[in-house]
There are 2 protein chains.
Amino acid sequence: MSKSFKTRIVQRIYRTFLDVMVLKLVQNEPMWGYKIIKCVEEQREIRLRHSALYPLLGKLEKDGFLRSSRKAKNGRVRKIYNITSKGIQLVNAYNEFLTEELKSAH
Amino acid sequence: MSKSFKTRIVQRIYRTFLDVMVLKLVQNEPMWGYKIIKCVEEQREIRLRHSALYPLLGKLEKDGFLRSSRKAKNGRVRKIYNITSKGIQLVNAYNEFLTEELKSAH
DNA sequence: TGAGATATGTCTCAAAAAAGACATATTGTA
DNA sequence: TACAATATGTCTTTTTTGAGACATATCTCA
């Protein structure tokens with residue numbers, strides 16, 4: 001049995017809009033990289049490599065979509081990311097686009 | 001003034017989901033390649049190269065998402081594409097995903 | 001104490017995608 | 001008659017993306 005159309009669509013969205021997917025996760029709850037990977041791989045049947053995520057997180061922070069702070073937890077250092085107002089704007093633009101796409105679908 | 005977030009989202013969707021965008025257009029009204037390019041470039045502020053579209057149309061037909069028939073109009077030969085039931089399934093999967101994405105956005 | 005999990009980061013090479021050229025033919029119009 | 005528009009196709013080169021390795025450090029549990 002081949003993978004369903006929807007599964008493939010989800011995978012393609014995560015490939016192309018990983019930035020937006022990450023922003024949405026972090027918007028819902030501030031998180032560190034490792035947990036983002038676990039969340040994505042658990043919720044969706046998607047492999048998210050840390051070599052793809054960490055550089056992206058760095059870029060999102062550099063571009064002002066995220067803000068990070070190092071927090072130690074049981075001796076382990078975590079880099080917790082929070083969404084910025086610019087990040088929220090991007091997520092909103094994405095949602096607006098989805099809304100319009102669906103409206104024109106009928 | 002930099003391009004708005006939404007404009008960029010639309011461009012990214014057309015880059016990655018050009019197959020679905022084409023299927024949606026053809027579903028709405030059977031069309032030939034040249035007209036698809038004109039429609040996309042007119043409706044959205046997007047450059048769609050024929051060197052990207054024609055091979056894609058061939059692949060979509062080969063994979064059973066589209067069916068074509070040559071029609072002569074004023075001596076010019078057009079290859080009119082129609083969506084198949086498999087093509088409709090893919091568009092539906094895309095719309096279902098968008099619906100779910102929006103639901104989980106709140 | 002050794003293995004697996006947690007945690008973050010870079011770097012290189014291969015694969016995929018995009019840009020742009022190469023190629024051809026007809027029609028309409030200035 | 002020459003140029004722009006219509007119409008469809010391929011091919012090569014460049015750019016981008018992705019997979020997987022390289023690198024390091026701590027914690028937990030058997």
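As a basis for the values below, the full set of heavy atoms in this structure was taken, side chains included, without hydrogen atoms, waters or symmetry mates. Not measured: the values here are computed from a predicted model.
- If you take CD of A:Glu41 and P of C:dT6, they are 11 Å apart, rounded to a whole angstrom.
- The phosphate of D:dT6 (OP1 or OP2) has no side-chain N or O of B:Lys73 nearer than 4.0 angstrom.
- Heavy-atom neighbours of A:Glu45 CD from other residues, nucleotides or ligands within 6.0 Å: at or below the threshold of 12.
- What separates CZ of B:Arg47 from C1' of C:dA19 is a distance of 9 Å, to the nearest Å.
- Within 4.0 Å of A:Lys35, counting heavy atoms only, lies no atom of the nucleic acid at all.
- Contact between the side-chain N/O atoms of B:Tyr34 and the OP1/OP2 oxygens of D:dT6 is found at a separation under 4.0 Å.
- Using a 4.0 Å heavy-atom criterion, one finds that B:Arg76 contacts the bases of the nucleic acid, with or without backbone contacts as well.
- Atom CG in A:Leu18 sits about 12 Å away from atom C1' in D:dT17, given to the nearest Å.
- Along DNA chain D, the nucleotide nearest A:Gly75 and the nucleotide nearest A:Arg49 are compared for position; the residue whose nucleotide lies closer to the 5' end is A:Arg49.
- Counting heavy atoms from C-beta on, the side chains of B:Tyr94 and B:Gln89 never come closer than 4.5 Å.
- B:Lys71 has its NZ atom 20 Å from the C1' atom of C:dT26, to the nearest Å.
- In this structure, A:Gln11 atom CD and D:dT17 atom P are separated by 19 Å, rounded to whole Å.
- Rounding to whole angstrom units, CG of residue B:Leu56 and C1' of C:dA16 are separated by 15 Å.
- At least one test fails for A:Lys6 against the ring of B:Phe97: distance under 6.0 Å to the centre or angle within 45° of the axis.
- Put simply, the residue from A:Leu66, A:Ile83, A:Val22 that forms a side chain to side chain contact (heavy atoms under 4.5 Å, CB included) with A:Gln27 is A:Ile83.
- Distance from the side chain of B:Arg15 is smallest for C:dA18 among the nucleotides D:dA19, C:dT8, C:dA18.
- Of the listed nucleotides (D:dG9, D:dT6, C:dT10), D:dG9 has the atom at the smallest distance from the side chain of B:Arg70.
- Side-chain proximity of A:Trp32 to D:dT8, C:dG20, C:dA7: nearest is C:dA7.
- In the set C:dT10, C:dA21, C:dT8, C:dA21 carries the atom at the smallest distance from any side-chain atom of B:His50.
- Put simply, CG on A:Leu48 is 14 Å from C1' on D:dT17, counting in whole angstrom units.
- Looking at the side chain of B:Tyr54, the nearest of the listed nucleotides C:dG9, D:dG9, C:dG28 is D:dG9.
- Rounding to whole angstrom units, CZ of residue B:Arg78 and C1' of D:dG9 are separated by 17 Å.
- In this structure, the nucleotide among C:dT10, C:dG9, C:dA5 sitting nearest to the side chain of A:Pro55 is C:dT10.
- No path of Ile, Leu, Val, Met, Phe, Trp and Tyr side chains, each step under 4.5 Å between heavy atoms, connects A:Trp32 with A:Val77, placing them in separate hydrophobic clusters.
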